[in-house]
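We name chains A, B, ... by the order of the sequence lines, and we start the count at 1 in each one. Since the structure is predicted, the reported quantities are computational estimates derived from the model, not experimental observations.
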Amino acid sequence: MSPERFEQIETLYNDALALEPNARNAFLDRACGTDGDLRQEIESLLTSERSNTCLDTDAIQFAAESLAQQDGAEFMGRMLGRYQLLSLVGRGGMGEVYCGVDTRLNRLVAIKVLPAYMTDSREWSERLEQEARAVAALNHPHICTLYDLGNDGGMHYLVFEYLIGELLSDRLAKTGLPLPEALRYAIQIADALVTTHQEGIIHCDLKPRNIMLTKAGVKLLDFGIAELRYASDARVNDAVRDSASGTLAYMAPEQIERREKDTRTDIFGFGLVLYQMVTGRPAFLGNDQASLIQSILNDTPAPASHYAPKTPPALDFLLARCLAKDPSERWQSICDVLLMLKWVAA
Amino acid sequence: MAPPADHDITEFLHSWREGDEAALEKLTPLVYRELHRLAAHYMRREKVEHTLQATALVNEAYVRLIDWKNVQWQNRGHFFGVAAQVMRRILVDYARSRCYDKRGGGARPMTLDEAPPVTDDKLAVLLEIDQALDRLAALDARRAQVVELRYFAGLSVEETAEALKVSPITVIRNWNFAKAWLLRELSK
């Protein structure tokens, strides 16, 4: 549309608007003549609401009103140490997550308030502190940084880097990932795992919901914290918790069988995430907990190329070795996985 | 938190205009705190209280964020424009993060993986407005700017006129038209 045409439409629209509704037809007859498109354009604009529309409330007011209505609004503004809670962004067995402001450094943070059962024994709060210290030392562009661990009047909380992006799980629910994008993310995830495994930390809860896609690439969330949870909440019914958390589908056989976990557990988890990124579907499915467990323990997923024909054979091989039931038959080190992935992606 | 002095905010806006994305991170918490302050008011507000007060509060929030009146820029119009873009970016990022229920540091461990993401109608509308505004800008940059200044930065007709160096009447006509155009887009 030419600028002149735009100008013309605007002028006629405003002129028509200034008239009584019943005088508009005659006006448009005169003004538009035989130009039917022009007339239709103006008529369709005239049908828009003119008062109390979403544009009559400033954007900030609009956002604030929705903030006021949201879940957990009663916590807003509350201080935890030097952090002010601004809004609740998630709630779950691992506690509640808030968006907040670090009032000393003036930056946004994500604050996870831990449930009492994780922190009420002295042993556990010590272990938490120890673990948090190790995770906070991780410095990697693809890991969501843990900034701080605090305790305010018995409320324990973890403070993380605040990220804007989309969870991989949400992305996968909407659309598939093109292979090059899936490989790029996989390389970033593997790279992050190399660093953490070197530091002796296992993630143990790799799943699309723990992976955020940001402008700066992938960010792994909840590093090392899962391990704590497994160890700490023996009092909570495991099966109920795991299935409710959506974690069950992403567990390695040794986790289900409560055997020893090590870095190869993450390699299995990595394989599940990569499989789903490439094929768009989880490697293991079940109608209920029991069938899901059976499937993880016994089924060999179809090669990724079965669902995504563009998958190169080398990637099928890589995935099969990630997803071996017996840890000793998997890749033994994430470094090897990373090298192989880079080769596939090249 | 001691709020950054006005000259800091101006400085951040300058840096952001020069392409320093990190400056946005300095401004974001300020906007969020004003959002929260307003929201806290809405929670307490009783139904009888009229909108005049709400409007005053919103204006106050803007003044606290960016004291338009006292800004000493060689080009106030340009300053308004940059501030409006920043407000738009921050509010849209906020809406986006809320609509997808995205955030740092946390899984949503209690919900099933298959559960739909938490969405918020109001904020979804904000995102739609943002996208429709991009389409308007592709057709006509000036009218899109009017919307940015009025809607995202809360400028009055007169302030918008000053920023764009046009008459208030022109702003009103642009605004009427842009609003109708955007609302039609939203209803498509």
Region of A/T57 in contact with chain B, defined by heavy-atom distances below 4.5 Å = backbone
More than 12 heavy atoms from other groups under 6.0 Å of CG on A/D288 | yes
Please list, in residue-number order, every residue in residues 139-147 of chain B that has a heavy atom less than 4.5 Å from any heavy atom of chain A; write 'none' if there are none.
-> B/L139, B/D140, B/R143
Interatomic distance, A/N106 atom CG to B/E25 atom CD [nearest 0.5 angstrom] = 11.0 Å
Tell me, for B/I90 versus chain A, whether the close heavy atoms (under 4.5 Å) come from the side chain, the backbone, both or neither.
-> neither
In terms of heavy-atom proximity below 4.5 Å to chain B, should A/S44 be classed as side chain, backbone, both, or neither?
-> both
With a 4.5 angstrom heavy-atom cut-off, could you sort out which part of B/L126 is near chain A: side chain, backbone, both or neither?
-> both
Any idea which heavy atoms bring B/E148 and B/L133 closest together, and the distance?
-> N-CD2, 4.4 Å
Can B/R88 and B/D134 be counted as an ion pair, charged N to O under 4.0 angstrom?
-> yes
Between A/L17 and chain B, which part of the residue has a heavy atom less than 4.5 Å away: side chain, backbone, both or neither?
-> side chain
Which region of A/Q84, side chain (C-beta onward) or backbone (N, CA, C, O), has a non-hydrogen atom less than 4.5 Å from a non-hydrogen atom of chain B, or is it both or neither?
-> side chain
Main-chain N/O of B/R173 paired to A/N14 side chain as donor or acceptor, under 3.5 Å = yes
Contact winner vs chain B - A/A173, A/G100, A/S48, heavy-atom pairs under 4.5 Å = A/S48
Answer whether the closest heavy-atom distance between the side chains of B/V166 and B/T160 falls below 4.5 Å.
-> no
Among A/D56, A/I9, A/T47, who wins on heavy-atom pairs under 4.5 Å with chain B?
-> A/D56
When the 4.5 angstrom heavy-atom criterion is applied to A/F62 and chain B, the contacting part is both
Against chain B, label A/C99 side chain, backbone, both or neither, depending on which of its atoms sit under 4.5 Å from a heavy atom there.
-> side chain
When you look at A/Y83 and A/D148, which way does the side-chain hydrogen bond (donor to acceptor under 3.5 Å, both in side chains) test go after all the steps?
-> CA-CA 11 Å; A/Y83 305 97; A/D148 196 8; 2.6 Å; yes
Considering only NZ, NE, NH1 and NH2 on the basic side and carboxylate oxygens on the acidic side, decide whether A/D170 and A/K174 come within less than 4.0 Å.
-> no
Decide side-chain contact (heavy atoms from CB on, under 4.5 Å) for A/L272 and A/F284; before the verdict, give the C-alpha distance in whole Å, the side-chain angles of both, and the deciding distance to 0.1 Å.
-> CA-CA 8 Å; A/L272 293 175; A/F284 299 105; 3.6 Å; yes
Between B/E128 and B/K188, is there a side-chain N and carboxylate O pair less than 4.0 Å apart?
-> no
Are A/R107 and A/Y147 in a cation-pi setup, meaning NZ or CZ lies under 6.0 angstrom from the ring centre and within 45 degrees of the ring axis?
-> yes
With a 4.5 angstrom heavy-atom cut-off, which part of B/L183 approaches chain A: side chain, backbone, both or neither?
-> both
